[in-house]
Amino acid sequence: VAWWPLDDKQGATTVKDIQSGFNGSPNPGPVVGPTSWPQATSGMVDGALSFGNKSYVEVPNNPQLNPGTGPFTIDTWVYYSGGSAVVVRKMQGGGGVSLPPTNPALIDWTSGYVIWINPPWISQPGTVVFAVKDVTNGHKSGVASIPVNQWVHIAMVLRDPQALNGLEFYVNGNLAATSTTASFAFGSISNNYPLLIGGDGVNAAEFKVDEVEYFNRALEPSEIQAIF
């Protein structure tokens, strides 16, 4: 559905989706650095964007970025160095709004999906929280670990919305974790919020992101391994 290579050069005023044209804006911008954020840098595949100074990319809401009640996949490369790094989020609001501190039911979170490295309530470096939540507080979430200070491929797959372990997380092509906190009655996770890449404008981190992809289906493990 969407593919943001994040090869955008310094001076770019948009961050391009080369699949469907769901382009984003660099924030605080107004352009990709080197003197403003995010900044163009070398990536795992060609270029990437480096996020610091609470920067992020905001992609306007589009129905095609809402999985509804069905499966979906998000994958990307990350190079995490430190801080609280929102990799991808379509939940709670746009830039400048942080997710509240979590609890097992994610009760204060809105519907949507998120991949977040080291949220403020977790101190162990490289800990990833991955979660989805529906409009009636149905939810699935889990925790995984990634290496720091190196490029890592990650993928979140909602394979079976009705299964306890139906949300999967892959690290470097291999299944690393599944949802351990879940509701069985799971509905739509769609919302009207923008999609954020690289941050939320509130939590500070130092990391790079490359090749963000969104699929409206659950990729097979062999497909994830092929991308890696």
Side-chain angles (χ1 to χ4, degrees), residues 1-10 12 14-20 22-24 26-27 32-33 37-52 55-59 65 72-90 113-119 125-131 142-158 167-177 195-200 203-228:
V1 173
W3 177 13
W4 297 272
L6 304 184
D7 296 334
D8 309 276
K9 307 301 182 184
Q10 66 180 56
T14 59
V15 175
K16 293 183 179 179
D17 163 26
I18 63 173
Q19 183 70 31
S20 300
F22 301 149
N23 298 333
N27 287 275
V32 172
W37 293 89
Q39 297 182 346
T41 188
S42 59
M44 187 66 190
V45 182
D46 296 323
L49 290 183
S50 178
F51 295 90
S55 57
Y56 60 98
V57 169
E58 183 165 310
V59 179
L65 301 176
F72 74 100
T73 302
I74 295 175
D75 81 286
T76 186
W77 289 90
V78 296
Y79 189 111
Y80 173 76
S81 297
S84 182
V86 175
V87 181
V88 176
R89 190 187 93 192
K90 195 174 190 300
Y113 49 85
V114 65
I115 302 173
W116 197 351
I117 308 173
N118 279 96
T127 302
V128 184
V129 171
F130 58 99
V143 176
S145 296
I146 62 169
V148 301
N149 293 318
Q150 61 182 273
W151 281 108
V152 181
H153 184 261
I154 60 175
M156 180 173 70
V157 183
L158 181 59
L167 184 65
E168 302 172 347
F169 195 82
Y170 292 77
V171 176
N172 288 338
N174 298 309
L175 180 63
L195 174 71
L196 304 181
I197 298 172
D200 60 8
N203 293 280
E206 295 179 10
F207 76 126
K208 296 182 280 189
V209 185
D210 198 8
E211 304 291 328
V212 178
E213 298 179 295
Y214 175 90
F215 300 85
N216 60 359
R217 62 184 181 89
L219 293 188
E220 296 299 325
S222 59
E223 294 178 292
I224 296 171
Q225 184 65 235
I227 293 173
F228 166 66

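What you see below is based on every heavy atom in this structure, not just the backbone, and it leaves out hydrogens, waters and symmetry mates.
Expressed to the nearest 0.5 Å, how far CG of D200 lies from CD of E58 amounts to 11.0 Å. Atom CD1 of I197 sits about 12.0 Å away from atom OG of S55, to the nearest 0.5 Å. One distance of note links CD of Q39 with CG of D8; it measures 14.0 Å at 0.5 Å rounding. With rounding to the nearest 0.5 angstrom, the CD1 atom of I227 is 8.0 Å from the OG1 atom of T73. For the atom pair CD (E213) and CD1 (I74), the distance works out to 11.0 Å, reported to the nearest 0.5 Å. Note: I115 CD1 to I154 CD1 = 5.0 Å, rounded to the nearest 0.5 Å.
Scanning all heavy atoms of the two residues, the minimum distance from M156 to A131 falls at SD-N, 4.0 Å. Taking both residues in full, the closest heavy atoms of P38 and P26 are given as CD-CB, 3.7 Å, listed atom of the first, atom of the second, then distance. Of all heavy-atom pairs spanning W4 and L195, the tightest one is CH2-CD2, 3.4 Å. Between L175 and E168, the shortest heavy-atom distance links the atoms CD1-CB, 3.7 Å.
Relative orientation of the Y113 and F72 rings is tilted, given thresholds of 30° and 60° on the angle between their planes. Taking the six-membered ring for Trp and thresholds of 30 and 60 degrees, F130 and F169 have nearly parallel ring planes, at less than 30 degrees apart. Classification of the F228-H153 ring pair by plane angle, with boundaries at 30° and 60°, yields tilted.
A donor-acceptor pair is defined here as one N or O able to donate and one able to accept, closer than 3.5 Å; no such pair exists between the side chain of S81 and the backbone of F207. Judged by distance alone, the side chain of N203 and the main-chain N or O of S84 form no donor-acceptor pair under 3.5 Å. A distance-only check finds no donor-acceptor pair linking the side chain of N118 to the backbone of G83 [under 3.5 Å].
Paired with V87 under the rule side-chain contact (heavy atoms from CB on, under 4.5 Å), one option of V128, I117, L196 passes, and it is I117. The residue from T76, V78, D7, D46 that alone fulfils the side-chain contact (heavy atoms from CB on, under 4.5 Å) condition with D210 is D7. The side-chain contact (heavy atoms from CB on, under 4.5 Å) with L49 is formed by just one residue from the set V209, V15, V212; it is V15.
Residues V157 and Y170 form a side-chain contact, since some pair of their non-hydrogen atoms from C-beta on lies under 4.5 Å apart. By the 4.5 Å heavy-atom criterion applied to side chains, P5 and I18 are counted as neighbours. Residues K208 and W151 have side chains in contact (heavy-atom distance under 4.5 Å, counting atoms from C-beta outward).
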Residues I224, D75; criterion side-chain contact (heavy atoms from CB on, under 4.5 Å); working and verdict: CA-CA 8 Å; I224 296 171; D75 81 286; over 6 Å; no
Steps toward side-chain contact (heavy atoms from CB on, under 4.5 Å) verdict (Y79, N149): CA-CA 6 Å; Y79 189 111; N149 293 318; 4.2 Å; yes
From CA spacing to verdict: side chain to side chain donor-acceptor pair (under 3.5 Å), D17, Y214: CA-CA 10 Å; D17 163 26; Y214 175 90; over 6 Å; no
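Annotation: ring-ring contact (aromatic ring centres under 6.0 Å, His included) contacts of W37 (sequence neighbours excluded): none.
By the 6.0 Å contact criterion, CH2 on W3 is open, its count of non-hydrogen atoms from other residues, nucleotides or ligands being 12 or less. Open room surrounds CD on E206; 12 or fewer heavy atoms of other groups in view lie less than 6.0 Å from it.
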